[in-house]
Amino acid sequence: MSEGKNNVSKKTLNTIVSDLTRPIKNHYGFTPWILFLTGIILLGLFAYIIQLKNGLGVTAMRDYVSWGLYISSFIFFIATALIGMLISAVLGLIGIKWITPISRIAEMIALGFAMWAGLIIIFDMGRPDRILNIFMHGRLQSPIVWDITVVNTYVVISILLFLLPLIPDIPFLKKTMKDQPKWKQKIYNLLSFGFAGRPEQYALIKRLIRITAILIVPVALAIHTVTSWLFASTLRVGWDSTIFGPYYVTGAFVTGGAAVVIAMFVFSRDFRLKNYITDFHFDKMGRLMVLLMLVYLYFNINEFLVPGYKMKLAEKPHLYELFQGDFALMFWLVQIGGLTLPIILLLFKKMRRPVPSLVIAVAVIIGAFFKRYIITIPTLLHPHLPIQNVPEEFSTYWPTPIEWSITMMAVAGALLIITILAKLFPVIPIWETAYEEGITTEEMNEFVKREND
Amino acid sequence: MINHKNITMKYININRKVTTLLFILMTFSTSLNAQWNIPKEAKNSIPPVEATYKTVEEGKILFQKNCISCHGIPGKGENNKAINATDLGTESYQLKHSVGEVFYQFNTGMGAMPSFKNRFSEEEKWHIAFYVKSFDDNFKISGEKIKTLNTNLKMSTDDSDKTIKVTATVTDNNGNINAAANAKINFYVKRIFGNMPVSEDIKTNEDGIAVFKFPDDIPGDKEGKIKIIAGFEDADRYGKNTETAEVTWGKALHFENPNLKRALWGSNKRVPVWLLITYLSVTLGVWAVIFYVAFQITRIKNAGK
């Protein structure tokens, strides 16, 4: 190893470390953003207090539609959280290199949304204290018990999969964050787990990452399959489907993919990481999105064409409602604007550049949100056993401001978690980036030590 | 060759069946909408027999056997609407149809309503027409109304050969008690939704005694208990009084409570074994790996030292 090459490496490592840690120190625009999120959360909390005080009557949910905006948001959150598994685990395990700068972003999105998904379930309960009943009297036969199990498991594994690749970054943080508040340094000390860059430590961490990445694949598949079973294990029209598991899982990848594209754009611009999250990455994500959306479109065609061809008596009003009835506008906007059109557009290379990608991803994610709404609500409006003398309000549903506020609180909450994580830790893994630039672990250790002296 | 012929024959057969079916359906559907075309002379035709309470009663028995399945009891709205059968007790029907016209309709039939021309004797057909017209207040019925007799039933059961003995008596105006001979007795078993008839054509003998051998295959409750009811078939004449007795001649029922076995619908204690094993092995397996990884993290510090 010549002296010259060593210098080049040092310089690159220097740039990498300073580029990736700069956003943690730089608070430009941070305060207004946090105030904005906190404002939404406070508004949501206020709405939630009203709901707690007056009961679920303040929502638009009645005897017919008993799963409203909350549960459809819950599926949306779980769906978004699934992307962590696809990008860090599946693509990572098959050795795809371009995911390095976005894998931690995907994992942060997964954490933020998975944590709030559990909370949305609580928001949907008129008596949240009764959540304990599921632990005391829950029946193993109930998909709801499976769901609670698997959501919590997924959150824990996601935390592990976020923490493990972070550990080798901690020495860099300890070194560069000396001017930062004490509590931050305490967190770094705690999370370093005594990592000192020894080869055995790297080997151990890589092994643990591998184990966790393998473990999260079946668990992530399970989480969204079980979520779909909450619907598909009933006999209700529109839910009574054998393909609901894969239908939800592929839909989740589309949602999470769009979320990652949006986050990539924001971080690359706001954190000035354009040299790390490049057009190349947007192009790759665009291609991945096309694949994911094509698979999802395939399931959509199955889900609607097959029952639509048969038009069973019970399904007829439901399908007409979607195709040309009250939900037709939303349905076709979601299917065309949120799925078909994005597929066609992303086939063009120009459309996979950052700005068009962002616009398309926003359309996809809005479509994905209302897609869950369309899965949940129209079915409930067609009860199996109609009640006699039903009050007019039972047969329609549109969320009240209380429901919107609480749902927006959940969105803001998830974004807040992502923001806090991005403000504590580099959004792009330092050691993996450096490693791909050809910098050895010894050089990294040397870098950390030398500056320490 | 043979094969070919067979297939052709089969095809022709199917074809013929389809054509026949279509033909039946068409006749049926057109006949439902067809109109009665009753000749004028039918309206004023004079019955060859007299309408008395007795003949009306005869007609009632025949009506109940042959007409009630479509028309229901007149005036109760029990008519089968799907095939356009008329409720014969309504005022509109009674006003439009004389007894002769009722007879004509019954005799000729139309569409779904079959002809009963050759089924009954002339007299019997008129009896039925009388019964139908008896729901018209203006229809004249001569003779005396049938008086309900003052009867008494006594029932005794014999466990040894599962027989029921019923003794029917009549008390006349003078207070004399006589045997009710030749009276039809019906035996029923009490069920949740009404009484199930179990006997057929059982009549009292000259001493007013009817004996019924109880069948072996009637299900009872868990202990095989059964409630038997006996009563006169002709309640108008003999009264509605019945006698009941409880016996243990039924087949004892053994049914499992589906809530007491392991099943998907059971309580948490009765979770199916396969589900319990799957849930526990998957959950514990995953959490074992989680704990393993968490434990390994604590060993990072000393690795390679």
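Residue numbers begin at 1 in each chain, while the letters A, B, ... track the order of the sequences.
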Practice task
Find the distance between CG (A:Leu160) and CD (B:Gln296) and round it off to the nearest 0.5 Å.
Solution key: 12.0 Å
Problem - Heavy-atom check, side chain of B:Val286 versus side chain of A:Ile157, under 4.5 Å - result: yes
Exercise for the section: Using non-hydrogen atoms and a 4.5 Å limit, figure out which bit of A:Leu215 sits close to chain B: side chain, backbone, both or neither. Expected result: side chain
Practice task
Count the heavy atoms of every other residue, nucleotide or ligand shown that sit under 6.0 Å from CG of A:Asp129, and state whether that count exceeds 12.
Solution key: yes
Exercise for the section: Looking only at non-hydrogen atoms, find the nearest pair between B:Asn268 and A:Leu140 and report the distance. Expected result: OD1-N, 3.0 Å
Handout entry: Top contributor to chain A contacts, counting heavy-atom pairs under 4.5 Å, from B:Leu275, B:Val289, B:Ile297
Key = B:Ile297
Practice task
Would you indicate whether B:Arg191, at its atom CZ, is surrounded by more than 12 heavy atoms from other residues, nucleotides or ligands within a distance under 6.0 Å?
Solution key: yes
Handout entry: From A:Ile216 atom CD1 to B:Ile290 atom CD1, the distance as rounded to the nearest 0.5 Å
Key = 9.5 Å
Practice task
Give a yes or no on whether A:Leu313 atom CG has more than 12 heavy-atom contacts from other residues, nucleotides or ligands under 6.0 Å away.
Solution key: no
Exercise for the section: Return yes when atom NZ of B:Lys301 has more than 12 non-hydrogen atoms of other residues, nucleotides or ligands closer than 6.0 Å, and no otherwise. Expected result: no
Handout entry: Heavy atoms from other residues, nucleotides or ligands near CG of B:Asn259 exceed 12 (cutoff 6.0 Å)
Key = yes
Exercise for the section: For the pair A:Arg139 (side chain) and B:Arg270 (backbone), establish whether a donor and an acceptor sit closer than 3.5 Å, ignoring hydrogens and angles. Expected result: no
Problem - B:Lys81 NZ: over 12 foreign heavy atoms closer than 6.0 Å - result: yes
Exercise for the section: Can you see which heavy atom on B:Ala303 is nearest to which on A:Leu204, and at what distance? Expected result: CB-CD2, 4.3 Å
Handout entry: Under 4.5 Å from any heavy atom of chain A - which part of B:Ser267
Key = backbone
Handout entry: Neighbour count above 12 (heavy atom, 6.0 Å) for B:Glu91 CD
Key = no
Practice task
Take atom NZ of A:Lys206 as the centre, draw a 6.0 Å sphere, and report whether it contains more than 12 heavy atoms from other residues, nucleotides or ligands.
Solution key: yes
Completion exercise
Under 4.5 Å to a heavy atom of chain B? For A:Ile167 that would be side chain
Exercise for the section: Specify which of A:Arg207, A:His137, A:Glu200, A:Gln141 makes the most heavy-atom pairs with chain B at under 4.5 Å. Expected result: A:Gln141
Completion exercise
So CH2 of B:Trp287 and CG of A:Asn152: to nearest 0.5 Å the spacing works out to 7.0 Å
Problem - Contact origin within B:Lys305 toward chain A - heavy atom pairs under 4.5 Å - result: both
